[in-house]
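Residue numbers begin at 1 in each chain, while the letters A, B, ... track the order of the sequences.
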2 protein chains.
Amino acid sequence: MTVPRQAVLEVLSADDRYRSAEEIFFQLHEQYPAVGLTSVYRTLTLLAQMGLVERFDMGDGKARFRLRTGAEEGSSCRLICTNCMKVEPCDQEAVEDQAASGSMDDVTRSLETEYGFQLRRRVVEYYGLCVDCRRRNEEKRSQEEN
Amino acid sequence: MTVPRQAVLEVLSADDRYRSAEEIFFQLHEQYPAVGLTSVYRTLTLLAQMGLVERFDMGDGKARFRLRTGAEEGSSCRLICTNCMKVEPCDQEAVEDQAASGSMDDVTRSLETEYGFQLRRRVVEYYGLCVDCRRRNEEKRSQEEN
DNA sequence: CCCTTATTGAAAACGATTTTCAATTTCAAT
DNA sequence: ATTGAAATTGAAAATCGTTTTCAATAAGGG
């Protein structure tokens, strides 16, 4: 545990907003002027690899980082404001249950009443292994057995 | 309608895979060697603004582009292979209906049988206006009325 | 303490995308 | 066809978030 790492964790612990590396760097800088932007990036990458930090790629070219709370595992659901870029976690179960069906209209209504959020676009992404890569993996594995 | 624009549209129309600007540029280059990468970027940006093309920011730093089919409106659902980065659109209704509940396990099973896809992580993102930006917008609008 | 190893900060490198700018193309009006 | 103004182009330079390089420093087990 070194100074830069402690500093990054300190800032991340302060609150659970998503912040860019630069934002984190500037917040650090007041209390730890010696810590460089490079180390902030390195620490964030390290913490993300360790699973302590969640990296989130917004469409604007800058990655955002946030301390993992442990509540999320494998699945995530969030409200993203296209105006101020604020990211707010939300409970998918609650949203979908509130909605009578999974239809866009019902979800829109649910988000409106639950969060005051005005829905424009819903994105669902399933990350994993496609059929081809799966097959290729299995082939490789069976080759290694020989 | 100019040569570069026609060329980009031609490549995009060829199939509906997600492709990076560079990939599109190289495919162009055989038939239209005079068209530069700059124009490919410019045309893609233009087409995206016009809503003809969908821009998709993968986590790897390169944006992917695909011709809009019209089938998607407001909502999108896709399978993303974390190994080969292939992006395959899928029908959310079908997936969620197939699954007995919205639980991760059921969705995993559904994707497995429907697409042979091995789910690792599900991401649901709702894009729109948060409460604050909404309020701010309304204030601005009412000010403009005076 | 010392020595090996890991970590650091600054500066340079990187890669995707954007901007700049002079040259070319487009297209509507002739 | 011809013009000419406005839009578009390609190449090179600039931008910007992030990563790499590298010599200097710090960590922490012996």
Seminar exercise, completed: Heavy-atom contacts, protein to nucleotides 11-27 of chain D, under 4.0 Å, summarised as B (base), S (sugar-phosphate only) or - (none) per nt, yield BB----SBBBB------
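Among residues at least two apart or in separate chains, salt bridge (Lys or Arg N to Asp or Glu O under 4.0 Å) pairs with a member in residues 80-93 of chain B are A/Asp132-B/Lys86. For residues 78-122 of chain B, no residue pair satisfies the ring-ring contact (aromatic ring centres under 6.0 Å, His included) rule, not counting sequence neighbours.
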Show me the side-chain donor-acceptor pairs of residues 16-28 of chain A shorter than 3.5 Å, one per line, residues at least two apart or across chains.
unit_1: A/Arg17; atom_1: NE; unit_2: A/Asp15; atom_2: OD1; d: 3.3
unit_1: A/Tyr18; atom_1: OH; unit_2: A/Glu54; atom_2: OE1; d: 3.1
unit_1: A/Tyr18; atom_1: OH; unit_2: A/Glu54; atom_2: OE2; d: 3.4
unit_1: A/Tyr18; atom_1: OH; unit_2: A/Arg66; atom_2: NE; d: 3.4
unit_1: A/Tyr18; atom_1: OH; unit_2: A/Arg78; atom_2: NE; d: 3.4
unit_1: A/Arg19; atom_1: NH1; unit_2: A/Arg17; atom_2: O; d: 3.2
unit_1: A/Arg19; atom_1: NH2; unit_2: A/Val11; atom_2: O; d: 2.7
unit_1: A/Ser20; atom_1: OG; unit_2: A/Glu23; atom_2: N; d: 3.2
unit_1: A/Glu23; atom_1: OE1; unit_2: A/Ser20; atom_2: N; d: 3.0

In residues 43-51 of chain A, what donor-acceptor pairs under 3.5 Å come from side-chain atoms, sequence neighbours left out?
unit_1: A/Thr43; atom_1: OG1; unit_2: A/Ser39; atom_2: O; d: 2.7
unit_1: A/Thr45; atom_1: OG1; unit_2: A/Tyr41; atom_2: O; d: 2.8

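Scanning for side chain to side chain contact (heavy atoms under 4.5 Å, CB included) contacts around A/Ser110 gives A/Val95, A/Gln98, A/Ala99, A/Glu114, with sequence neighbours left out. Remark: A/Val3 engages A/Tyr32, A/Val35 in a side chain to side chain contact (heavy atoms under 4.5 Å, CB included) (not counting sequence neighbours). Every residue two or more places apart in sequence or in another chain that forms a side chain to side chain contact (heavy atoms under 4.5 Å, CB included) with B/Asp60 is listed here: B/Met58, B/Lys62, B/Arg64, B/Met85.
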Do any N or O atoms of the protein come closer than 3.5 Å to N or O atoms of nucleotides 1-4 of chain C, and which pairs are they?
none

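If you take OH of A/Tyr32 and C1' of C/dT8, they are 16 Å apart, rounded to a whole angstrom. Protein atom CZ of A/Arg5 is 14 Å distant from nucleotide atom C1' of D/dG28, rounded to whole Å. Here D/dT9 presents its C1' atom at 13 Å from CZ of B/Phe25, a figure rounded to the nearest Å.
Heavy atoms only, all atoms of each residue included: B/Cys81 and A/Cys130 are closest at SG-N, 3.4 Å.
Within the shown strands, D/dA1 is the pairing partner of C/dT30 under the Watson-Crick or G-U definition, both distances less than 3.5 Å.
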